[in-house]
Amino acid sequence: MNNIFQNNIQALNKKNPKLAEKLKTYLPDELPEIVKENNAYNLKYKGRFIHNPLSPLGEAREIFAMATNEPVAIHVIYGIGLGYLFQVASLNSNGTVILYEPDLNVLWMAFSLVDFSSDILKNNVFITDTFEDTSLEIYKKSNTQNTPQLLSLSSAREYDREGFDELVRKLQELVGAYSMDLKYTKEKFYPSLKMLFQNIKNLMNEQPLAVFKDCLKGKTAVIVSAGPTLDKNIEILKKYRDKFVLFTVGTAIKTLYKNGIKPDFLCIIETYNSSKQVEGLDLSDVYFITEPYSNPQLRRFKYKKIFSHISANAPINQFWSEICDEKIEEYGTKGTVSYTALNCARLLGCGKIILVGQDLAYIEGQCYSKDSAYKDLVCKYNSEYKKWEITANDFDAFASSISPSEDKDERYRTANRRLERLNSSLYHVKGIRGDMLPTESVYATFIKPLSEYAEHFNNVKYINTSLVGAQIDGYENLSLEEALKDSEKIGNIILESDFEYNKNLISKRLTSYIEGLNSALNLINDGKRNVKNLRNDLKRKRTVDEDILKLLKKLSIVYLNLSGEFSSKNKLFDIITAASKINLDYELKMMQDFKYENVVRICEKISEFLDVAETNSVEITNIIKGITDENFNTKS
């Protein structure tokens with residue numbers, strides 16, 4: 001082990017000990033050749049130069065110059081070579097540098113020739129050899145206002161084109177999933193929390209689905225989604241209707257009803273008011289499965305019975321679990337209602353689960369089933385702009401299908417926002433037939449969780465009947481008739497239980513939440529006093545001096561206390577302020593000096609955080625008080 005290699009390994013051991021140990025014992029099987037061209041060192045590997053033979057350093061500087069370079073930037077370097085691009089990024093990046101080198105032959109050679117120890121030890125630099133570790137580092141640094149930037153040498157793409165294309169695809173899926181998580185945190189955490197508390201008076205009369213675990217043991221389940229191939233399977237669903245338990249998502253239920261097919265279970269989990277999906281339908285013979293935090297408007301219809309699916313990996317549900325002391329390990333979700341329906345069918349004991357209309361791609365220009373809520377959407381190739389795009393054949397009908405607002409302008413705004421989101425995230429996935437199909441990034445992120453579900457719960461037979469949609473590994477691709485022909489008749493489905501929640505326990509825990517929020521309000525008031533003092537001094541002095549910095553420090557300590565130590569002990573307050581923290585943390589990372597205008601901006605941003613924290617805390621407190629006063633006859 002030479003000194004250079006040893007220095008690199010020692011440094012790497014402090015950042016990624018697993019990779020350091022791997023390199024220490026690694027025996028290369030194909031080493032790159034070091035060559036000197038035009039007074040610059042290069043590596044030749046698999047018949048190609050890794051760096052530009054004319055100017056390796058110039059190439060690296062040119063690549064990095066094209067990247068956005070802000071404190072929140074995430075620079076993912078694909079391939080190390082002799083480290084020209086890696087070191088340029090390490091030297092100049094204002095954000096995070098993640099070097100991803102999956103080829104240990106190249107990484108071992110680079111570590112033997114160039115001393116990267118000072119680069120490796122920088123706080124903003126990380127080195128990985130697996131996509132899993134790369135994704136973990138990206139996740140740690142992700143924010144709704146930054147997107148990882150992939151920087152690579154042209155030769156790295158050429159000698160491993162398949163690997164590079166796969167990396168790009170996986171990064172797209174990863175960013176889509178993280179963006180969805182962060183978007184949910186930013187836009188839906190608080191509304192979901194509020195809806196949970198608004199739903200509590202109803203939740204106390206809704207039984208958890210796990211109470212009925214395995215009650216449909218061995219039966220065949222069909223899960224209907226609103227993909228285009230649903231239309232092709234309607235007649236088969238009718239023919240074999242008595243041989244399966246039918247679960248449907250909200251967007252597909254009108255297609256079923258229009259064709260005289262009534263589901264056994266309806267699953268809707270949205271936080272937005274999606275009641276348009278079921279408006280006008282007789283649901284009195286249908287079991288409704290929903291989340292504790294779903295929109296309260298969904299509970300106003302007459303169902304056979306309502307069951308709670310308390311998804312364990314949805315942070316909002318942790319509160320309902322704590323409040324009612326209900327175990328929720330049995331419930332899983334990945335943000336898609338089809339996944340929820342899948343979990344419901346398995347939880348109830350179904351031995352064969354068949355997906356219908358789960359295309360997860362746009363088939364022959366069609367986005368959804370012709371009778372579904374989104375039937376007017378089409379995906380077409382725009383030859384002028386040379387790209388796929390989603391439009392609505394009947395924009396007014398589409399707007400009316402997704403927005404319950406009586407205001408036409410508001411309906412149109414909602415519809416346009418939906419189309420913008422769909423078109424901003426279009427890309428392709430591998431189809432069952434091996435072709436590449438256009439789809440939405442959110443749908444693409446659903447493919448992997450569905451596959452992982454089948455792999456994890458492998459005591460169930462999973463079948464996908466799309467045959468023209470996205471490939472979902474772990475599911476047998478069969479026609480619906482082939483999948484159903486051997487199934488036995490189901491009979492009546494009756495789910496009855498004497499389960500009841502402990503109302504006294506719920507009352508006590510709700511009261512404790514009020515006490516915690518009152519403590520938060522005391523800290524918020526301290527912060528508001530500090531904001532007032534800092535504002536007054538900034539207006540009076542019009543410059544930043546030592547006294548201003550002291551006031552800013554006091555205000556920052558209040559924020560750090562609320563967003564750190566206090567939030568870690570008070571999960572309710574943490575979720576109340578989650579979205580505001582994302583915005584403020586971004587501003588703090590972007591602040592590089594204490595110029596007057598920067599201090600003014602940060603003071604106002606912290607003030608906004610405190611205002612939101614106060615407003616939300618008071619609102620939740622009042623909702624909880626209303627619940628306890630109305631349902632438990634107690635005064636808080």
Side-chain angles (χ1 to χ4, degrees), residues 131 135 165-166 169-177 180 220-233 236-237 244-249 251-252 267 269 311 313 332-347 350-364 366-369 372 379 425-484 487:
F131 183 76
S135 64
D165 290 345
E166 176 70 3
R169 184 188 65 77
K170 289 164 73 175
L171 278 174
Q172 285 179 326
E173 291 180 0
L174 179 73
V175 172
M180 196 163 63
T220 295
V222 169
I223 296 173
V224 170
S225 300
T229 59
L230 170 57
D231 299 329
K232 299 175 182 178
N233 284 304
I236 306 300
L237 288 172
F244 57 85
V245 182
L246 180 54
F247 294 78
T248 185
V249 304
T251 51
C267 296
I269 61 173
S311 299
N313 49 343
T333 189
K334 291 289 183 180
T336 163
V337 67
S338 298
Y339 188 102
T340 302
L342 177 67
N343 190 61
C344 292
R346 182 201 59 81
L347 182 59
C350 295
K352 182 198 291 185
I353 301 178
I354 302 168
L355 305 184
V356 173
Q358 190 65 252
D359 301 303
L360 297 176
Y362 302 136
I363 311 300
E364 298 175 352
Q366 196 175 345
C367 298
Y368 293 89
S369 165
S372 72
C379 184
S425 60
L426 268 179
Y427 68 100
H428 291 70
V429 293
K430 182 180 178 182
I432 289 172
R433 297 173 176 175
D435 50 347
M436 299 303 291
L437 303 172
T439 190
E440 182 186 347
S441 63
V442 172
Y443 287 154
T445 62
F446 294 162
I447 296 171
K448 185 177 179 181
L450 289 172
S451 294
E452 290 175 340
Y453 191 94
E455 181 181 359
H456 183 71
F457 297 106
N458 54 18
N459 60 331
V460 174
K461 184 174 183 179
Y462 300 93
I463 298 172
N464 183 13
T465 64
S466 174
L467 302 185
V468 293
Q471 170 63 28
I472 308 175
D473 294 339
Y475 293 70
E476 187 177 359
N477 296 314
L478 289 175
S479 70
L480 180 57
E481 185 147 25
E482 183 71 18
L484 286 174
S487 297

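Everything numeric here is computed off the predicted structure, so don't read it as measured data. For this chain, numbers begin at 1 and follow the sequence in order.
Counting only heavy atoms from C-beta outward, the side chains of Leu437 and Tyr362 never approach each other to under 4.5 Å. Within the 4.5 Å cutoff, the side chain of Leu355 has no heavy atoms near those of the Ser225 side chain. With contacts defined as side-chain heavy-atom distances shorter than 4.5 Å, the pair Leu480/Val356 qualifies. Looking only at side-chain heavy atoms (C-beta outward), Ile236 and Thr465 stay at 4.5 Å or farther from each other.
Closest approach of Ile223 and Ala345 over heavy atoms only: CD1-CB, 4.4 Å. The minimum heavy-atom distance linking Val337 with Cys267 is given by the pair CG2-O, 3.3 Å. Between Ile432 and Val468, the closest heavy-atom pair is CD1-N, 4.1 Å. The two residues Ala252 and Val224 make their nearest non-hydrogen contact at CB-CG1, 3.8 Å. When every heavy atom of Gln471 is checked against every heavy atom of Ile447, the shortest pair comes out as O-CG2, 3.4 Å. Taking each heavy atom of Cys344 and Phe247 in turn, the nearest pair found is CB-CE2, 4.0 Å.
Residues passing the side-chain hydrogen bond (donor to acceptor under 3.5 Å, both in side chains) test with Asp435, sequence neighbours excluded: none. Listed by chain and number, the residues in a salt bridge (Lys or Arg N to Asp or Glu O under 4.0 Å) with Glu482 are Lys485 (sequence neighbours excluded). Thr220 meets the side-chain hydrogen bond (donor to acceptor under 3.5 Å, both in side chains) test with Ser487; sequence neighbours excluded. Partners of Lys430 by salt bridge (Lys or Arg N to Asp or Glu O under 4.0 Å), not counting sequence neighbours: none found.
To the nearest 0.5 angstrom, Leu450 atom CG is 9.5 Å from Glu452 atom CD. Summarising the geometry, atom CG belonging to Leu342 is positioned 5.0 Å from atom CD1 belonging to Ile353; distances are rounded to the nearest 0.5 Å.
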Sequence neighbours left out, cut at 3.5 Å: what donor-acceptor pairs do the side chains of residues 457-464 make with other protein atoms?
from, atom 1, to, atom 2, distance (Å)
Tyr462, OH, Phe457, O, 2.7
Asn464, OD1, Ser466, N, 3.2

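Note on residues 337-346: no pairs pass salt bridge (Lys or Arg N to Asp or Glu O under 4.0 Å), not counting sequence neighbours.
Surrounding CD of Glu455 are at most 12 heavy atoms belonging to other residues, nucleotides or ligands under 6.0 Å away.
When atom types are taken as modelled, the side chain of Asp359 and the backbone of Thr229 share a donor-acceptor pair closer than 3.5 angstrom.
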